[in-house]
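First the structure, in the form of structure tokens, and then the observations on it.
The figures here come from the full heavy-atom set of this structure, side chains too, leaving out hydrogens, waters and symmetry mates. Here is how names work: the chains are called A, B, and so on, in the same order as the sequence lines, proteins then strands, and each is numbered from 1.
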Amino acid sequence: MTEESKRRQTALFRLVAKIPRGKVTTYGELGRALGFHARLVGRLLHTNNDPLNTPCHRVVRSSGELAGGYAFGGPNIQKNLLESEGIVFQKQKIDLKTYGWEAR
DNA sequence: ATTAAGGCATGAA
DNA sequence: GTTCATGCCTTAA
């Protein structure tokens, strides 16, 4: 892990932690706000070293669907957490127009 | 030490 | 719903 990557992780986590409760954002949004590509966001989250302080469950795909089986503890956990925050799923998907958060 | 190939928690066409 | 394009990282030789 290089210092560069660590710095990106810090920026990413900082922004992710800024997501309000009950809202979600997409990898692309985060990537665009941070200045790097969506894939890198997923990469950094996958190599996430601080998942406890990083509400990665609020980060979903561009389609509003959950990331998948590669999530921190499983997609079911993520779904549960999101529902606990008041987010309503529609056929395993989230309405980004309602719960989407504008990264900034 | 450097170089090569594969894989991914994506996005857009 | 499927396929293509793209960036970075991880592991292997």
Side-chain angles (χ1 to χ4, degrees):
Chain A
M1 179 87 62
T2 64
E3 292 294 329
E4 189 90 11
S5 300
K6 194 171 184 180
R7 174 181 162 178
R8 292 177 190 166
Q9 265 195 349
T10 302
L12 176 61
F13 296 158
R14 179 183 163 188
L15 189 61
V16 171
K18 203 177 167 189
I19 301 174
R21 177 182 167 280
K23 296 260 182 175
V24 296
T25 189
T26 63
Y27 293 90
E29 187 67 25
L30 291 173
R32 188 167 65 96
L34 293 173
F36 44 77
H37 302 251
R39 218 142 187 176
L40 181 58
V41 178
R43 181 69 42 194
L44 293 176
L45 287 178
H46 187 211
T47 62
N48 183 2
N49 46 14
D50 194 4
L52 299 177
N53 291 325
T54 307
C56 37
H57 55 273
R58 294 183 188 152
V59 183
V60 298
R61 280 177 152 247
S62 61
S63 305
E65 185 179 325
L66 297 183
Y70 285 93
F72 48 95
N76 50 340
I77 303 298
Q78 183 174 10
K79 184 172 181 289
N80 192 314
L81 287 171
L82 290 173
E83 286 180 342
S84 298
E85 296 185 354
I87 295 178
V88 179
F89 280 73
Q90 295 183 351
K91 196 65 177 55
Q92 296 180 329
K93 290 179 184 174
I94 301 173
D95 185 3
L96 294 177
K97 301 175 81 67
T98 302
Y99 301 103
W101 178 69
E102 184 180 354
R104 57 187 164 112

ask   = So what's the dot-bracket for DNA chain C: Watson-Crick or G-U pairs under 3.5 Å, [ ] if a pair crosses, | if it pairs off-strand?
value = .||||.|||||||
note = Of B/dG11, B/dA9, C/dT10, the nucleotide closest to the side chain of A/A38 is B/dG11
ask   = Considering only side-chain heavy atoms of A/A67, which listed nucleotide, C/dC8, B/dA9, C/dG7, is closest?
value = B/dA9
request  = Compare all side-chain heavy atoms of A/I77 with those of A/H57 and state whether any distance is below 4.5 angstrom.
outcome  = no
query = Taking the side chain of A/R39 as heavy atoms from C-beta outward, which of B/dA9, C/dT6, C/dT10 is closest to it?
reply = C/dT6
key: A/R14: partners by salt bridge (charged side-chain N to carboxylate O under 4.0 Å, His left out), with sequence neighbours left out   = none
ask   = So, A/R7 and A/E4, do they make that salt bridge, N to O below 4.0 Å?
value = no
query = Taking the side chain of A/S62 as its heavy atoms from C-beta onward, which of B/dA9, B/dC8, B/dG11 lies nearest to it?
reply = B/dG11
request  = Salt-bridge test for A/R58 and A/E85: reply yes if a basic N is under 4.0 Å from a carboxylate O, no otherwise.
outcome  = yes
task = Would you tell me if any nitrogen or oxygen in the side chain of A/R61 comes within less than 4.0 Å of OP1 or OP2 on B/dT10?
result = yes
request  = Determine the minimum heavy-atom distance between A/K23 and A/W101, stating which atoms define it.
outcome  = CB-CB, 4.0 Å
task = State, yes or no, whether a side-chain contact exists between A/L15 and A/L30 at a heavy-atom distance under 4.5 Å.
result = yes
request  = Just compare C/dC9, B/dA12, B/dA9 and give me whichever is closest to any side-chain atom of A/R43.
outcome  = C/dC9
query = Which is true for A/S63 with a 4.0 Å heavy-atom rule: it touches a base, it touches only sugar-phosphate, or it touches nothing?
reply = nothing
ask   = With sugar-phosphate meaning primed atoms plus P, OP1 and OP2, does A/R8 contact a base, only sugar-phosphate, or nothing at under 4.0 Å between heavy atoms?
value = sugar-phosphate
ask   = How is A/H37 classified with respect to the nucleic acid when contacts are heavy atoms under 4.0 Å: base, sugar-phosphate, or nothing?
value = sugar-phosphate
